[in-house]
Amino acid sequence: MEARDKQVLRSLRLELGAEVLVEGLVLQYLYQEGILTENHVQEIKAQTTGLRKTMLLLDILPSRGPKAFDAFLDSLQEFPWVREKLEKVREEAVIESPAAS
């Protein structure tokens, strides 16, 4: 995952924790796309609260390869406002650091 995308996830961590329920489509989509392993899914499902599940997912995602951020965006079908916010912050990060391109 690109440093810019890691920063976007970090900067919105608490907001994502409050607004995204990863138990349903999010986890299954990321598993289907090969971003998460079966062990990751089981570990996330074992967490006791929705917030802990989301936080663990956010801890795992940055280490899951270059497609992880885009796959996470795609997994947010049930949370279009969250996806839009992530995309907006990502675009702003590109504008702020044009040397990264």
Side-chain angles (χ1 to χ4, degrees):
M1 183 178 289
E2 291 182 31
R4 171 198 68 191
D5 296 339
K6 290 178 184 179
Q7 177 56 38
V8 169
L9 289 180
R10 192 175 317 123
S11 69
L12 295 175
R13 187 173 176 87
L14 292 177
E15 193 169 332
L16 291 168
E19 295 197 28
V20 176
L21 300 172
V22 301
E23 184 80 48
L25 280 179
V26 174
L27 272 188
Q28 294 309 313
Y29 184 82
L30 292 172
Y31 176 67
Q32 169 190 296
E33 296 301 307
I35 303 300
L36 297 178
T37 66
E38 190 172 342
N39 285 341
H40 289 135
V41 172
Q42 294 306 319
E43 189 178 352
I44 291 167
K45 284 183 172 182
Q47 299 303 304
T48 54
T49 67
L51 177 61
R52 286 184 181 192
K53 290 175 184 177
T54 302
M55 291 298 144
L56 182 54
L57 175 63
L58 294 175
D59 289 343
I60 293 169
L61 274 179
S63 66
R64 299 306 299 161
K67 296 180 182 175
F69 189 85
D70 288 323
F72 180 57
L73 289 179
D74 291 342
S75 77
L76 295 171
Q77 297 167 26
E78 295 177 308
F79 308 96
W81 66 94
V82 175
R83 180 184 172 135
E84 288 169 16
K85 175 105 184 212
L86 283 166
E87 289 172 335
K88 182 174 183 240
V89 172
R90 186 188 207 189
E91 286 174 21
E92 290 169 356
V94 171
I95 292 166
E96 288 172 14
S97 59
S101 54

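What you see below is based on every heavy atom in this structure, not just the backbone, and it leaves out hydrogens, waters and symmetry mates.
No hydrogens or angles considered: a donor-acceptor pair under 3.5 Å links the side chains of Gln7 and Arg10.
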For Ile44 and Ile60, what are the C-alpha separation, side-chain angles and deciding distance, and is it a side-chain contact (heavy atoms from CB on, under 4.5 Å)? CA-CA 10 Å; Ile44 291 167; Ile60 293 169; 4.0 Å; yes
Run the side-chain contact (heavy atoms from CB on, under 4.5 Å) check on Leu12 and Val82 step by step: do they pass? CA-CA 10 Å; Leu12 295 175; Val82 175; over 6 Å; no
Could you walk me through whether Lys88 and Glu92 pass the salt bridge (Lys or Arg N to Asp or Glu O under 4.0 Å) check? CA-CA 6 Å; Lys88 182 174 183 240; Glu92 290 169 356; 3.6 Å; yes
Give the C-alpha distance, both sets of side-chain angles, the deciding distance and a yes or no for side-chain contact (heavy atoms from CB on, under 4.5 Å) between Leu30 and Val22. CA-CA 10 Å; Leu30 292 172; Val22 301; over 6 Å; no
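With rounding to the nearest 0.5 angstrom, the CG atom of Leu58 is 6.0 Å from the CE atom of Met55. The distance from the CG atom of Asp74 to the CG atom of Leu25 is 12.0 Å, given to the nearest 0.5 Å. Here CG of Leu14 is found 8.0 Å from CG of Leu51. Values are rounded to the nearest 0.5 Å. Taken from CG in Leu16 to CG in Leu61, the straight-line distance is 10.0 Å, to the nearest 0.5 Å.
Residue pairs that meet the salt bridge (Lys or Arg N to Asp or Glu O under 4.0 Å) test with at least one member in residues 56-67, sequence neighbours left out, are Arg13-Asp59.
Contact between Ser11 and Val89 at its shortest, heavy atoms only, is OG-CG1, 4.1 Å. Looking at every heavy atom in both residues, Ala93 comes nearest to Arg4 through CB-CG, 3.7 Å. Among all heavy-atom pairs drawn from Leu86 and Leu76, the shortest one is CD1-CD1, 3.6 Å. Smallest separation of non-hydrogen atoms from Asp5 and Met1: CB-CG, 3.6 Å. For the residue pair Ala71 and Ile35, the shortest heavy atom distance occurs at CB-CG1, 3.6 Å.
Atom CD of Glu38 has 12 or fewer neighbouring heavy atoms from other residues, nucleotides or ligands inside a 6.0 Å radius. More than 12 heavy atoms of other residues, nucleotides or ligands shown are found within 6.0 angstrom of CZ on Phe79.
Partners of Glu23 according to the side-chain hydrogen bond (donor to acceptor under 3.5 Å, both in side chains) rule, which considers only residues two or more places apart in sequence or in another chain, are Lys53.
Looking at Ser75, its side chain never comes within 3.5 Å of a backbone N or O of Tyr29 through a donor-acceptor pair.
Between Arg83 and Glu87 a salt bridge is recorded (basic side-chain N to carboxylate O distance below 4.0 Å).
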